[in-house]
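Scroll down for the structure; my scribbles are underneath it.
When a ligand or atom number is given, it counts from 1 through the structure's own listing order.
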Amino acid sequence: MERKEILEWLKTDDEERLQALWQQADQVRKENVGNNVHLRGLLEFSNHCSRDCHYCGLRAGNRKIERYQMSEEEIMACVLEGADYKYGTVVLQSGEDLSLDVEWIAQLIRRIKQETSLAVTLSLGERSREELTLWRQAGADRYLLRFETSNETLYQRIHPARPGSESNRIELLKVIGELGYEVGSGVMLGIPGQTFEDLANDIEMFCSLNLDMIGVGPFIAHHETMLGQAAKAESIISPNQVPNTELMTYKAMALARIICPKANIPATSALATLNTPTGRELGLSRGANVVMPNLTPKKYRALYEIYPAKACIDETAADCRACMHGRIRSIGRDVGTGRGDSANKQAS
Ligand code: SAM
Ligand code: SF4
């Protein structure tokens with residue numbers, strides 16, 4: 001698809017015209033990744049974070065949240081529950097928690113691989129080549145790291161680097177790919193200051209990075225963050241500002257599907273937060289083929305507050321499983337079995 005066409009789709013709100021985009025995305029999804037919806041069990045195992053991203057409630061400077069780290073036994077109980085539920089993958093996600101021992105994480109990965117047949121996806125932030133190599137050798141299969149926005153100036157404004165170093169997630173994604181991980185990335189939509197041209201560049205970048213997994217979700221303001229505060233100040237909103245709406249999220253997902261036909265694309269929790277009754281189903285009908293039921297124990301869920309009013313914080317893992325199965329079947333799709341590996345990798 002030409003860039004001009006991407007921009008036209010991003011800018012139109014004509015519901016009737018958009019039907020053609022939804023249909024094309026759904027058709028491309030069907031032809032390239034089929035009818036199965038893969039389930040990835042999400043385990044948010046630590047909310048400690050050493051970074052100060054201007055958008056995220058887990059940032060180190062937020063003294064108002066209670067921090068937790070799950071023990072190995074707690075994590076394994078959730079992982080085994082996910083395996084019982086026939087999820088093909090467990091996603092281990094946390095803040096960029098440098099207090100966790102790197103070898104402890106490697107041992108945890110080895111244990112999951114020995115005791116289950118689950119694929120292991122890591123989402124632990126920006127880590128060194130040595131750490132990423134160790135975890136890959138321990139058996140981790142996939143890594144998720146969103147580049148958040150391809151506009152470098154905006155990225156640096158909202159994502160301060162660690163003191164004395166640079167933050168270059170695009171370069172790190174290349175390292176992750178070289179190490180043999182399936183590579184997942186993505187962006188937030190509607191970051192204050194993000195223009196339609198930026199978002200078109202983001203979508204083109206999904207293609208040039210040859211991603212196996214693409215996550216796009218709306219930016220949701222958190223009151224205990226710099227961007228949450230600043231979002232109230234109109235001065236940082238660009239004249240060509242992308243709105244952080246549900247509709248914009250569907251458009252970006254549909255375009256991602258058309259441009260990267262074989263990628264795995266989740267209907268994200270941030271989308272479900274904007275529209276809890278039907279956001280996931282609409283996402284699945286407009287390009288997505290993955291959902292991420294939450295495996296995190298109920299007592300920790302509310303503490304993993306990246307943004308407020310997150311969907312599914314009062315449910316148990318069993319509730320999430322039943323809910324996702326029901327939603328998938330209600331739109332005539334099948335619950336995926338097995339690991340749901342990247343069709344993109346298999347093709348290349
Ligand atoms: N710490 C790891 C990292 O940054 O990659 C993984 C966890 S982090 C919470 C996962 C993702 O949450 C980020 O990549 C970002 O896109 C998303 N996120 C953070 N704050 C958000 C917000 N206010 N609204 C929407 N998404 C947000
Ligand atoms: Fe930490 Fe990730 Fe949140 Fe940034 S987005 S503050 S690295 S948890």
Legend entry - Linked, directly or transitively: L227 and Y155 (ILVMFWY side chains, under 4.5 Å): no
Could you go through ligand 1 and note, for every N or O atom, any protein N or O atom closer than 3.5 angstrom, writing the atom names and distance to 0.1 Å, or 'none'?
unit_1   : atom_1 : unit_2 : atom_2 : d
ligand 1 : 1 (N)  : S94    : O      : 3.1
ligand 1 : 4 (O)  : R169   : NH2    : 3.2
ligand 1 : 14 (O) : E148   : OE2    : 2.6
ligand 1 : 16 (O) : R146   : NH1    : 3.0
ligand 1 : 16 (O) : E148   : OE1    : 2.7
ligand 1 : 16 (O) : E148   : OE2    : 3.3
ligand 1 : 23 (N) : Y55    : O      : 2.9
ligand 1 : 23 (N) : I220   : O      : 2.7
ligand 1 : 24 (N) : I220   : N      : 3.0

Legend entry - Cation over ring face, R40 and Y87, 6.0 Å, 45°: no
Inset, instruction - Decide whether a cation-pi geometry holds between R142 and Y181; the criteria are a distance under 6.0 Å from NZ or CZ to the six-membered ring centre and an angle within 45° of the ring axis. - result: no
Legend entry - Residue that, paired with N294, satisfies side chain to side chain contact (heavy atoms under 4.5 Å, CB included) out of E315, E44, M324: E44
Legend entry - Non-hydrogen side-chain atoms of T296 and F45 separated by less than 4.5 Å: no
Inset, instruction - Evaluate the side-chain proximity of N289 to I265: yes if any heavy-atom separation is below 4.5 Å, no if none is. - result: yes
Inset, instruction - Please examine the side chains of I176 and L145, heavy atoms only from C-beta on, and report whether any two atoms are closer than 4.5 Å. - result: yes
Inset, instruction - Kindly indicate whether atom 2 (Fe) of ligand 2 is approached by any protein heavy atom to under 4.0 angstrom. - result: no
Inset, instruction - Count, excluding waters, the protein N, O or S atoms that are closer to atom 1 (Fe) of ligand 2 than 2.8 Å. - result: 1
Legend entry - NZ/NE/NH1/NH2 to OD/OE distance under 4.0 Å, R110 and E72: no
Inset, instruction - First locate atom CG of L144, then atom CG of L211, and finally report the distance between them rounded to the nearest 0.5 Å. - result: 10.5 Å
Inset, instruction - Find all atoms of ligand 2 within a distance of less than 4.0 Å from any non-hydrogen atom belonging to Y55, and give their numbers and elements. - result: 5 (S)
